[in-house]
Each structure stands twice: as structure tokens, then as C-alpha cells.
Protein chains: 2
Amino acid sequence: MTDTGAAQVVGPHRYRNGEKMIQTANPVWQAAADNGLIGIRVDAESNNRLIERETGHEFANMCSCAYLGLNYHPAVIEGAMSALREAGVTWLVTSTTRIRHNLLANLEEELGDLFGACVVPGTSCSAITAGILPLVASGHVAPGGPRVMIFDRLAHFCMSYVKPICAEESLVLTCGHNDLNYIEDICRQYPSVAYVGDGAYSMGGAAALNGLLELQDKYGLFLFIDDSHSLSITGDHGEGFVRSQLTMSPLTIIVTSLGKGFGTGGGVAMVYSREIADLLVRHAGPVGWSQNMAVPLVGASLASAAIHRSPDMAELQGKLKSNIDYFDEILPTSFAGNGLPVRRITVGDTDRAVAMSAELYKRGFYSSAVFFPIVPQGEAGLRIMIRADISRDQLATFAHHVNELAGTI
Amino acid sequence: MTDTGAAQVVGPHRYRNGEKMIQTANPVWQAAADNGLIGIRVDAESNNRLIERETGHEFANMCSCAYLGLNYHPAVIEGAMSALREAGVTWLVTSTTRIRHNLLANLEEELGDLFGACVVPGTSCSAITAGILPLVASGHVAPGGPRVMIFDRLAHFCMSYVKPICAEESLVLTCGHNDLNYIEDICRQYPSVAYVGDGAYSMGGAAALNGLLELQDKYGLFLFIDDSHSLSITGDHGEGFVRSQLTMSPLTIIVTSLGKGFGTGGGVAMVYSREIADLLVRHAGPVGWSQNMAVPLVGASLASAAIHRSPDMAELQGKLKSNIDYFDEILPTSFAGNGLPVRRITVGDTDRAVAMSAELYKRGFYSSAVFFPIVPQGEAGLRIMIRADISRDQLATFAHHVNELAGTI
């Protein structure tokens, strides 16, 4: 940026600042790159055996969100193939608001039934989020006029990313993580408020759901929750951390990726009524005008839904729970005991976290180093996910390496 | 919106106004819905024979952007299935910035080679656009500091949608369609400017490419072009309207859907260098943190790329051209002769356009009615797309119905 002409055009940087973001994040990415930890290309025969193209190096992926291993489930793969075989088409290449394939319509009904909600599908959870949040802000999803939007400080990037779009329609605020007092203060000041955050957080931890539901009862607080990191792994039908604990209401929208625990791809919004779904399909930006789930992902998702209804589901969830419990026992972290699969292993400073991640990778385990501003300064560490399809032996070996390295790096 | 409390939180509505958008667009959607023209669910054996679930009604889809019919190409479907069979996985469920499957890496290389550019893949063209534009605005994609962003008035929604995000970083302006004089004026006033628009426009027509390239030469104008509607159908390898007419430069990014003429799904950015691609993969929001193309779409795309290299390509492009020429002959419209497949048939007022679309649908052809503000007031009409995989007989029958109805509706 020069001191003269260009300075005239610098934006207000209220909700984002590209320069600051890159100044902060790029050295971290670069350090990871310098240690061969990004841009890895692999063949992969399971989530536990990935083979790097260039070197032949083999490793287990401790950063896969395929919490139940469904991305490799033979029935899911066969579901994708049989949909392709039957339909003979990738997709109809037409706005799904206008015309959709029966397979996609079937999936909507099936997931609606499975999750006990009206379901709106899209290319990804982040596309759905980008489409819906501005309509929550403008007051069109629920009555009461434009809503003050309170974003949780730790809400996933895909939500914070659209703050400037929401700010075209209403007042946008950011609250401390799970800061119910602040949210209640705002509910007292303004007649129409929405809270935006994760259900199970991508960096670990969970929403203060009971408190949020109390505020919804008391003040009509709208809840927009991204529960991508708990779908499939909690709830009798895998409906997730949030959906399994609340009754759907016109004041609640849950969005979730089908590309994590569910094992396939694309995303869905769970909404209260067909009326809300119709509004979103027409007016929620990318929900209407983007591509939607392609036929093979629809087929894979129908197969995954069938698994979600079968006795296998309880078994898979049980395996995951048992692995999480075992991991918490052999390598306790601050999230131990929360029943969710994301864990953060605190290391200390940034360089040590990168060095440990690099050394673990050499020893056959991919983890990702996380830093300020994702975690507080001085608390850099490793982010990993526990899966149902990893063995206790592998978890034990991983924990052993972490403990060994903790003393030496 | 009430007159009291809620009014306090209304946003500035500089770049979007949900209330106005819904007031304008919803009656149109509702009219289409009332005539059974939206929310249609079908089985489909080809782009020319879709069967409505509820009624058994059969029709040809005149609104499919599968311009070459590749969405039904047996080799494309087999490509998707064989990738699933080989890899045995939907996707790795890990940030593709960190780890990507060799199949996706192969596709990047293959498309890079095919299109003569460095290729960055993502879930959809709109996700890629949402990720990249703010970095163009903040001045991180090319040197010269924050860029004044000029959006063409007719740029696809997926670009206009992120204006508020870009406005956090720089000055955002809107110009008349292809208004080169205005763009040049802004280039004279500011040292660092970007133009954002379509290559082949989704509603018909094309960018004033020669003029834009002159301004790029003269003033260093950055060009961000969405060329989704011409990929595959123009260029020796189907590289599209824009890519086939320019040399890649650090000042040009072309984004395009693979889910239209290309026949598969997902999207790509074509950029000048690996360095720019690396920047985008790390920092361009959904390009990095969203899902990416799933394995079956990667496999389908590899197969489509192979078709793009084969002699079949010239044949398919030739068929499309011949169909477009034929259509322009039997039903001339304002876009006749432009070689692109989108056509608008002007009808007059909105009610007549909807009535004609409804009657054509009864007679076996799905078209979409388009209205103000998409087209000027009083020029409502039908939007259709010509495809390579439609017969002259069907085109003639369609034109016959249009001509007959034009006199009576």
C-alpha cells in the first residue's frame, strides 16, 4: 500500500482485514510447508494408511473428520456407484430450485425423516451458511424485523466470513466464546437478536446449549448453529449434538456438513417448516443458484442414511466413544471427558508445535499444529481427531510418541 | 420491521437489501410456482426426456447448461464409477490444503495442461469466487495495493454477492454492462483497479474482452472473469471464450464451473502461477476450508478432460454450433449470431412470459421466464439454452410452439 493514491481505497476493515490475516497466518502456513506438512499428495487405502506420492512415506491421518470411517464404508461407495448406474447422469445441470432429480428429492425426504426436520441440501455447509445468514439478519427467516447478529468469537470461519454481508442488513456483533451474559444483555437491549456459532466446535469444545435455549425461551433469541462436527456421532440416528437436545422451532436453524462424520459430501440445513425451506431455496443465494449435491454424492448419502438407521450405527458410535475414552485415559487434555472427538494437545510455543507435528509425521502420524489466534498465545499445540476406525494400538503408539517428544522437543 | 426498536438495527443496504430483493423476486417465483414451474421432481433418461414424478408428464429441458450433453456421457459416468472403485473412498475428509488424494492432484495437473494455466479446484465456482474476490480487493493477489473493484452490473449473483466482503478491503463500484468508458475513467483516477464480470453471460451476451485487454495493457487493470457459460463449448480444448482469447497474466484470474458444459461438478480457478495458487489455497476462505471436489466428481472430470482432448470434442462443439445456427435461423433473437448457447426470447410483460412458459411446459418443453430486474421492464421473456444433444426436430418443434403461442398469449 502506498502513502498516496492507493490509500484512498482502503476499506474500513470492520469485519475482516486481509493484510492482518495474511501477516498472522502465512508464517504459520509457511513453517508447516517448510516442514513438508502441507500440500501432501497421497494414495490412501484407509484413514489409517495414506501413502505420500513423492516419497512412499506411509502414515495414519489423525486430522480426518471421518469420525466413523464412513468415507471408506463399502455400502457408501456402492451407494454412489449404484446411483450413477441407475441415473446415468452426474446431475441435471439445472437450478435445483426449478427441477431436481428424484434421487435428490428422496434424499431430502430421507434425511428429513432421519433428523426430524425439514431439510435443505446444498453443495457444502459453508455455501448454505453464506446463503442463509444474511436472510436471518434481514429478518426474513423469522418474524420480528432485522436481527442483531451476535457471532461467537470462535464461530467457524465460514460463518464469520459473511459478517460483512449480514452487516448490510443489520447490526453485527461478536461475543466472547459462549458468553451467555453478553448475549442476554443484547437480548435486553434489542427486540430481535440472533446468535451464530458452532454446536460441537471445530477446534474442540461445544456450545452452551442449555443457556442458549433458555435465552430463546425468554427473549425469542434466534439460534443459527453449525453442527458439522457432531453429525452422525451423537444422537440415536446421528442427528448430532444440537439436534438431539432440542425441539425444532421457527427460531432455530442447524446447518451441517455431510462431508465429515456422515462420510459423503455436500451439506444440509435443518429447518422448522417447508415454508422456511421454500424461502431459502428461492432467496438464500448459493442455496438456489449454486450447484447442488451431484448424483454420486446423493447416492452415497442415501447409503449412509441407511447405515444411520441400522444397528451398525450404535456400534460405530460405541467404537468411537470407546476410542475417545481410551485416548482421554492415556493422553488427558483439557477437552477430556466431553464425549466429542476433537482434541487439542497443548505444546507451548509455535516452533515447538510445528517441530512436534513434523516429527510425529515422520513417525507415521499426521496432526496439525495450531497457533495464535486460533488458540491463546503461548498455548500452541496439535489438533487431532479421534475416529471409530482407528485401533487402540495405533492410539497407544501415537500417545507414546507424543509423550516421548513432549520431553525432548 | 416495526417503527421503534427494530429500526435501530437496519443496515446501510449499500450492496444488498434483502427486503427489496424479496419484494421484487418473490412474486415472480410465486407466479412460477403457481404454474407448476418450480420444485419439479423428475426421473430423467436424457436432457431431452425428463419425467415428472407426480404426474408422469414428459418434457425436454431447455434450461440445462449441459451444453454438450456431457452430464450423460457414458465415459464420464464410468470415470466417476472407476474412481470410486479404485480409491474406495468418497474423499479424505481433511483440508485439501494439507492433504489431497492423488486423483485430485492428477486432475489439477490435467486441467492445468488442458487449459494452459495453473488450476485451483474447489466445491463450486461460487465458492472459489467468494474466496478469491476479497483477496483481489485487499491487493494480495497482485502487487499494487488494495484495488478499486468495479463489478459489471450484470455480473452473476455469485460475484455481486460478495461485494460487502470486498468493501471491507477496498472501494467497490458498479458499472454499466460492458461500460469501457467508465472503467477507463476509474483506471485514470486510481492506481490499482480490478474489473469483475462474466465472460459469456449467464443471461446471454459476452464480455467486451478486447476493450478490457486494452485497458489491462494500458493501466494494469486486473481482470476477474467468471466464464462458466463458455467452458468446453469454445476453444480447441474447450478452454472457453475468455481463455482462448488471452495469454494468462498475473493480472488475470478466470473462474469457471465444471458443472455446466464440462458436464461434471465443482469448479476451478485458472491463475498465472503456482505462487498465486498457493496463496489462494492458504488464504482464499472456502478454497481452503471448504470441502473440495469429491472422488466421484474428480473421476468424472478426468474422463471429461480426456474427451476434451479427443477428436469427439470438435464434433460435439460442431454439433452445438450447428444447433445454435439452426435455432438462430428459425427463431432469431437479439443474441442471434453470437455463437454462444444462451438465448432470450422477448415476450413483453411478465404475465405473458409466465403464461407462455407454462404452456410450453404443457407441450413438453421446460423454459424459464425472466423478468425485470434481470431484463429491462416490458422486455420479459423466456431464457433457454441450446445444447449439442438436442435434435433439429426438437428445436423446430419448440420454435413452432413459440411462434404459435406468441400470437395467442
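So that the names make sense, note that chain A is the first sequence line, chain B the second, and so on, each numbered from 1. All values below come from the heavy atoms of this structure, side chains included, with hydrogens, waters and symmetry mates left out.
The parts of B/S368 that come within reach of chain A are both its backbone and its side chain, each placing non-hydrogen atoms under 4.5 angstrom from that chain. For A/Y366, the part lying near chain B is the side chain, with the backbone staying farther off; criterion is any non-hydrogen pair under 4.5 Å. When heavy atoms are compared at a cutoff of 4.5 Å, A/A87 approaches chain B solely by way of its backbone atoms N, CA, C and O. Of the atoms belonging to A/L103, not a single heavy atom falls under 4.5 Å from chain B. Only the side chain of B/L297 comes within contact range of chain A, judged by heavy atoms closer than 4.5 Å. Contacts between A/N61 and chain B at a heavy-atom distance below 4.5 Å involve the side chain alone, from C-beta outward. Contact annotation for B/A66: both backbone and side-chain heavy atoms come within less than 4.5 Å of a heavy atom of chain A. Heavy atoms of B/V76 lying under 4.5 Å from chain A belong exclusively to its side chain. Heavy-atom distances place both the backbone and the side chain of B/E169 under 4.5 Å from chain A. At a 4.5 Å heavy-atom cutoff, the contact between B/H156 and chain A is made by side-chain atoms alone. For A/F59, the part sitting under 4.5 Å from any heavy atom of chain B is the side chain, from C-beta outward, and nothing else. Contact of B/L70 with chain A is not made at all, since no heavy-atom distance falls under 4.5 Å. With a threshold of 4.5 angstrom between heavy atoms, A/P12 approaches chain B through its backbone and through its side chain. Of the atoms belonging to A/N26, heavy atoms from both backbone and side chain fall under 4.5 Å from chain B. Both the backbone and the side chain of A/A80 come within less than 4.5 Å of a heavy atom of chain B. Proximity to chain B (any heavy atom under 4.5 Å) is shown, for A/N106, by both the backbone and the side chain. In this structure, the portion of A/H140 lying under 4.5 Å from any heavy atom of chain B is its side chain and not its backbone.
Between chain A and the residues B/G263, B/G18, B/S138, the most heavy-atom pairs under 4.5 angstrom are made by B/G18. Across B/A137, B/S46, B/G266, B/A127, the residue that shares the most heavy-atom pairs under 4.5 angstrom with chain A is B/G266. With chain B as the partner, the residue from A/A33, A/P296, A/G39, A/S170 showing the most heavy-atom pairs under 4.5 Å is A/S170.
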Candidate pair B/R14 and A/E168, rule salt bridge (Lys or Arg N to Asp or Glu O under 4.0 Å), full reasoning: CA-CA 7 Å; B/R14 292 161 310 171; A/E168 286 293 300; 2.7 Å; yes
Salt bridge (Lys or Arg N to Asp or Glu O under 4.0 Å) between A/E109 and B/R41, worked out: CA-CA 12 Å; A/E109 283 163 18; B/R41 299 163 167 213; 2.6 Å; yes
Residues A/R274, A/D278; criterion salt bridge (Lys or Arg N to Asp or Glu O under 4.0 Å); working and verdict: CA-CA 6 Å; A/R274 189 68 247 162; A/D278 283 345; 3.3 Å; yes
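Annotation: the span from B/M21 atom CE to B/Q23 atom CD amounts to 11.0 Å, rounded to 0.5 Å. Taking CD1 of A/I51 as the start and CD of A/E45 as the end, the distance is 5.5 Å to the nearest 0.5 Å. The distance from atom CZ of A/F157 to atom CZ of A/R16, rounded to the nearest 0.5 Å, is 10.5 Å.
Donor-acceptor pairing under 3.5 Å is lacking for the side chains of B/T90 and A/T264. Inspection of the B/N102 and A/R53 side chains reveals an N or O donor paired with an N or O acceptor under 3.5 Å.
Judged purely by atom type and a 3.5 angstrom limit, B/S357 uses its side chain to pair as donor or acceptor with the backbone of B/S367.
Between B/Y161 and A/W289, the two ring planes are perpendicular [angle over 60°; tilted spans 30° to 60°].
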